[in-house]
Each structure stands twice: as C-alpha cells, then as structure tokens.
2 protein chains.
Amino acid sequence: MKFTEAQQEFIQLWGNFGSQWGINKTMAQIHALLLTSEHALSTDDIMETLEISRGGVNTNIRELIVWNLVYKTGKPGDRKEFFVAEKDIWEVAKRITRERQRREIEPLMHHLNRLKNVDEADRQSLDFVKTVTDIERLVGKMNKASETIMKMEENAFFGSIIRLLK
Amino acid sequence: MKFTEAQQEFIQLWGNFGSQWGINKTMAQIHALLLTSEHALSTDDIMETLEISRGGVNTNIRELIVWNLVYKTGKPGDRKEFFVAEKDIWEVAKRITRERQRREIEPLMHHLNRLKNVDEADRQSLDFVKTVTDIERLVGKMNKASETIMKMEENAFFGSIIRLLK
DNA sequence: CATTACTTTCAATAATTATTGAAAGTTTTA
DNA sequence: TAAAACTTTCAATAATTATTGAAAGTAATG
C-alpha cells in the first residue's frame, strides 16, 4: 500500500470516527491530514487536498488551535500562515482529554451534583439520589482513569530515558 | 427540590450529553426516564411523559433493547408491553462499553491495522506507520482501562459480600 | 374468524448541523 | 497610504439526521 493512499483512508477514517464521537467531521479530517503531513500546510493546501471551502478550513483550523492540537507557523519569504499539528499521540490524547474535561465532564458533574438535592424521603427519591450518585462516581472514575493512562505513558517515557542513562 | 422536577432535569441532561456523545437524544431521554422510574412503563406512558410520537418510542426502545439496557415485561390483565431499564449503573456502563467495543472500537482497530501496510520506506511513510501504531496502542489501552474499571467494581461488590460473610 | 388491541415500519417532513462563498476586515508591502 | 495579499465572518444554502403519523402487520380475544 502506498503512503498517499493510506493517508487518504486515514483521513476518511478519522473523520468518520470523529463525527461518531460528537466531533465535527471536517475538523477531524483536517486534524488527520496535518497529523500525517511531514511539513506545515497552508489554508490553500488544505482546501485543495480535502476539497473544502476557505471558510471551512479557517473555522475548523481555528477550533483545532483552541483545542491546542494545531499551531500556526510562518515560512520565510511567504506571507501566508502555515499550520502544524502536535504529532505526539499521547500529547494529543492528553489535550483532548483536558478539553473534554473542561467542556463536558465538569458541567456534567456540576449538574449531577445539583440533582442530589431531592428533599423527599420516599423510595423513588432515595433511589433517584443513589442513581445520580453512582453516575457521578462512575464518570469520576472514568475520568481519573484516562488521566492516569496519560501519566503512565509520561512515566514510561521518562523511565526509558532513565534506563538509557544508567 | 422535588423528585419529579429533578427527574425532568435529569432526562434533559442525559439527552443532551447523549447527543454530545453520538447517541440519539430521544434514546438517551427514554433511557433516563426508565432508569429513574420505579415501575415499568408502557409505550403510551413514555409518549405522554416525553411528548414524542409512538413511532419514535417504538424505534428507540427497540434500540435500547439491542443495547441490552432495557427489557420488556408484561402486566397481568394488560395486553400491552411494559419496559424496564437495568438499574445497576455499573452494569449499565459495562453493557454500553461492550456495545461500543463491538460497534466502534473493533472496526476502528481493524482499519488502523490495515493502514500499517504502507510499503514505502521514506521518512513520511515510517512516521505514518508510527502514528497509526501509537493510535492503536492508545485506543487499546483506553479500552482495556474501562473494562478494568468495570471489573474493579464487580470485585468491590463481591468483596463487600465476602466481608459480610466473615 | 372477525374484531379489537396492540406493535412495527417507513415515506414524508421537520429540525438540526455543516458548508459555502462573497463581503468585510486586517496586515504587509512598495 | 493605496494596493495587494491574505484572514475572518456570517447569512444563505446544502446535507444530514431525527421525528412524525398513518398504514400495514401481528397477536390475543370472544
């Protein structure tokens, strides 16, 4: 299999999985393209490769920058902006986790916590509070687990450095 | 805060988070309703409470049954079907994990694995294969971690039984 | 076996979400 | 400072996804 062919498939794959997980398909595709591009790309490069409008590229790139997955670069002798993606997958995962934490998990936890203030004492209400509490615990654990995985990988990295130094 | 009010909010909350995570909003709402209902509900009960059509209730309930989150019951002297949700949140999480594993993670892993067959040996291709391999590893770890959490909870449960028996 | 009481399907439609592209805005250059 | 080279915005539109509701299907009843 040739690289360009594999890259095209990867872009499609990433786009589809992105939208399955509530992430804009185009954003995911741009991310996939940059993730597998050796050099920084310009807006026009991305427009051409993915066949999307200038506006689309701009909006989605800017969102990727907010997520801290992509950053701008310049090229000497060229006025336009070029874009590069963070390539270390564990770093990518960490940043996605961080952003989802901030945008989704925290508000969810806050709302759930509020719902525990049911002041009736019948079976129904007590069960309800238990359910909500259990969900809170579950979400909390899931969240901590993903953080732990990222940290583990960090330690694995430093661990291998330390081994090299021995 | 009164139970019914809290339940309404919970249904909305669950629906919104569901759609953020690629799950049909109505399906998530029906699930939330059943999860916090003391008794089994009929199609008409759900239609009335959530103000959705008969077709909508039917389709989404059937999907919840496929996910193994809801099952049918009968009531003596009544011809219609009634529906109940699995109430144990850890069991719920286990079943959702299982289903997503089957529907999303496995196909993703399969596709990624195929993409490692890039046969060129230039920098670009080697980097690409590394990226894909890293993603595979990451997804694998995330997946194993969620399984582990569910098992831990199972052990916590049996552990407390054992402690009770001592 | 025909009537009633339900459940299921799915074409039509509504609601939502994504995308375009041209105009406005900004920065650089000469 | 005016023109050129680019970036950003956002109203209009396209594409996708969800929802309805009525007709067809199925099973129980008398």
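Letters A, B, ... mirror the listed sequences (proteins, then strands); counts begin at 1.
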Where B:Leu34 and B:Ala85 come nearest, the two heavy atoms and their spacing: CB-CB, 3.7 Å
Below 3.5 Å, can you tabulate the donor-acceptor pairs from side chains in residues 134-147 of chain A to any protein atom, sequence neighbours excluded?
unit_1, atom_1, unit_2, atom_2, d
A:Asp134, OD2, A:Lys130, NZ, 2.6
A:Glu136, OE1, A:Lys116, NZ, 2.8
A:Lys141, NZ, B:Glu153, OE1, 3.0
A:Asn143, ND2, A:Gln101, OE1, 2.3
A:Ser146, OG, A:Asn143, O, 2.9

Atom CZ of A:Phe83 and atom P of D:dC6 are separated, to the nearest Å, by 13 Å
Is the distance between the ring centroids of A:Phe17 and A:Trp21 under 6.0 Å? no
For A:Arg103, which residues count as a side chain to side chain contact (heavy atoms under 4.5 Å, CB included) partner, sequence neighbours excluded? A:Glu63, A:Val66, A:Trp67, A:Glu99
Going by number, which of residues 73-81 of chain A have a non-hydrogen atom under 4.0 Å from DNA chain D? A:Asp78, A:Arg79, A:Lys80, A:Glu81
Can a side chain N or O of A:Asn58 be found less than 4.0 Å away from OP1 or OP2 on D:dT7? no
Could you state the atom-to-atom distance from CZ of B:Arg54 to C1' of C:dC10 in whole Å? 16 Å
A:Ile65 CD1 to D:dT8 C1', in whole Å, measures 12 Å
Of the listed C:dT8, D:dG21, D:dT8, the closest approach to the B:Ser53 side chain comes from D:dG21
Whole-Å gap separating P (D:dA18) and CD (B:Glu63): 11 Å
Between D:dT19 atom P and B:Ile61 atom CD1, what is the distance in whole Å? 14 Å
Can you list every salt bridge (charged side-chain N to carboxylate O under 4.0 Å, His left out) pair that touches residues 81-93 of chain B, not counting sequence neighbours? B:Lys72-B:Glu81, B:Glu86-B:Arg95, B:Glu91-B:Lys94, B:Glu91-B:Arg95
Send over the distance from A:Met47 CE to C:dG21 C1', rounded to a whole Å. 10 Å
Which residue lies more 5' along DNA chain C, comparing A:Gly55 with B:Gly55 via nearest heavy atoms: B:Gly55
Does B:Leu112 share a hydrophobic cluster with A:Ile149, counting links as ILVMFWY side-chain heavy atoms below 4.5 Å and allowing steps through other members? yes
State, yes or no, whether a side-chain contact exists between B:Ile46 and B:Leu33 at a heavy-atom distance under 4.5 Å. yes
Rounded to the nearest angstrom, tell me the gap between atom CG in B:Leu64 and atom P in C:dT8. 13 Å
Distance check needed: C:dT20 C1' versus A:Glu51 CD, whole Å only. 14 Å
Salt bridge (charged side-chain N to carboxylate O under 4.0 Å, His left out): pairs with one or both residues in residues 5-31 of chain B, sequence neighbours excluded: A:Arg114-B:Glu9
Looking only at the side chains, is there a donor atom on one of A:Arg54 and A:Asn58 sitting less than 3.5 Å from an acceptor on the other? no
Using a cut-off of strictly less than 4.0 Å between a heavy atom of the residue and any atom of DNA chain D, enumerate the qualifying residues of residues 18-41 of chain A by number. none
